[in-house]
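Counting convention: from 1, in listed order, for ligands and their atoms alike. Along the sequence shown, the residues carry numbers beginning at 1.
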Amino acid sequence: MMNPFRCQICGETYLGGSAPERCPFCGAHGRWMVGAAEWVRNGKVEMCEQSMKDCLAAIQLEVGNAAFYKCAQKNAQTQVTQAIFKRLQKQEMEHAELLAEMAGVPEEDLPEGDCAGNNDAENLADAHAREQRAIQFYLQVADRAPERRVQEVFRALAEVEAEHLKISNVYR
Ligand SMILES: [Fe+2]
Ligand SMILES: [Fe+2]
């Protein structure tokens, strides 16, 4: 029997027998996947100037990483690295979109990004550095944000980026 679930971080829906281990869209941990009836809409969050500044910077970071992953995917040398970069591109774009909704700003388009061409090893090393930067920044944002929802979202995203970091560790 398929049941409706919804991600408390990105708002995407999922139909399945049970809640997935991770949100298939933003990668949030399965504890954020709730039954559709229990899901709480957060939408735009009223936030202080610093949190808004942090959110806008995070959107640029996510969009930049998504563009990088798109380039890495197009140039991937194996089906395995292509699969990794393809999903990371989508997840980072999903992050940019959920942050835009939280900040109440329009969604960004995915720009053309640069990467190290068809050098998978170098792209994985770059991915590693990018994810590390994201984790550090997001934990910093979560620590200084006075808004509960901003804290919650940035901690959830830092956790997702930590999973990305593990992927780049295994395959590089
Ligand atoms: Fe999600
Ligand atoms: Fe991200």
Side-chain angles (χ1 to χ4, degrees), residues 2-16 18-45 51 53-73 83-103 105 107-111 113-115 123-143 145 148-169 171:
M2 294 229 286
N3 298 301
F5 296 93
R6 196 154 190 182
C7 177
Q8 204 54 76
I9 297 301
C10 74
E12 283 294 342
T13 59
Y14 174 79
L15 299 175
S18 56
E21 195 190 329
R22 303 202 155 268
C23 172
F25 300 95
C26 73
H29 190 277
R31 68 177 179 278
W32 295 109
M33 300 297 298
V34 299
E38 287 78 57
W39 183 77
V40 178
R41 177 183 297 283
N42 287 286
K44 181 179 187 287
V45 173
S51 290
K53 213 180 124 205
D54 287 340
C55 252
L56 298 178
I59 292 170
Q60 291 313 312
L61 187 152
E62 293 287 357
V63 168
N65 286 355
F68 160 76
Y69 284 127
K70 185 183 179 185
C71 173
Q73 186 220 139
I84 293 170
F85 292 139
K86 185 172 164 66
R87 183 44 49 187
L88 291 178
Q89 176 206 318
K90 297 257 166 125
Q91 282 197 359
E92 306 303 27
M93 219 41 210
E94 190 69 48
H95 295 174
E97 284 168 20
L98 73 89
L99 290 168
E101 192 189 356
M102 185 165 78
V105 299
E107 286 177 12
E108 300 264 337
D109 290 327
L110 180 56
D114 279 334
C115 64
N123 284 332
L124 283 164
D126 195 354
H128 188 88
R130 285 169 181 271
E131 299 295 350
Q132 220 152 20
R133 275 201 296 276
I135 295 165
Q136 267 174 5
F137 178 48
Y138 292 175
L139 291 178
Q140 198 179 32
V141 174
D143 280 347
R148 282 194 84 85
R149 174 67 179 164
V150 176
Q151 295 170 7
E152 181 175 280
V153 165
F154 276 94
R155 292 218 170 92
L157 291 184
E159 212 178 291
V160 177
E161 314 300 7
E163 289 300 317
H164 294 174
L165 199 66
K166 284 189 210 159
I167 298 176
S168 62
N169 267 339
Y171 290 95

What pairs of residues pass the side chain to side chain donor-acceptor pair (under 3.5 Å) test when at least one of them lies in residues 20-32, not counting sequence neighbours?
His29-Arg31, Arg31-Glu159
Would you list the protein N, O or S atoms within less than 2.8 Å of the Fe ion (ligand 2), leaving out water?
Glu62 OE1, Glu62 OE2, Glu92 OE1, His95 ND1, Glu161 OE2
Would you give the angle at the Fe ion (ligand 1) between Cys7 atom SG and Cys10 atom SG, to the nearest 10°?
110°
Out of curiosity, Phe25 CZ to Gln91 CD, how far, rounded to the nearest 0.5 Å?
10.5 Å
Euclidean distance, Leu61 CG relative to Asp54 CG, rounded to 0.5 Å
11.5 Å
Polar contact flag, side-chain donor to acceptor under 3.5 angstrom, Glu38-Gln8:
no
Contacts of Glu152 that satisfy side-chain hydrogen bond (donor to acceptor under 3.5 Å, both in side chains) - sequence neighbours left out:
Arg149
Name each donor-acceptor pair under 3.5 Å that joins a side chain in residues 65-73 to protein atoms two or more places apart or in another chain, with its distance.
residue : atom : partner : partner atom : Å
Asn65   : OD1  : Arg130  : NH1          : 2.8
Tyr69   : OH   : Glu131  : OE2          : 2.6
Gln73   : NE2  : Gln89   : OE1          : 2.9

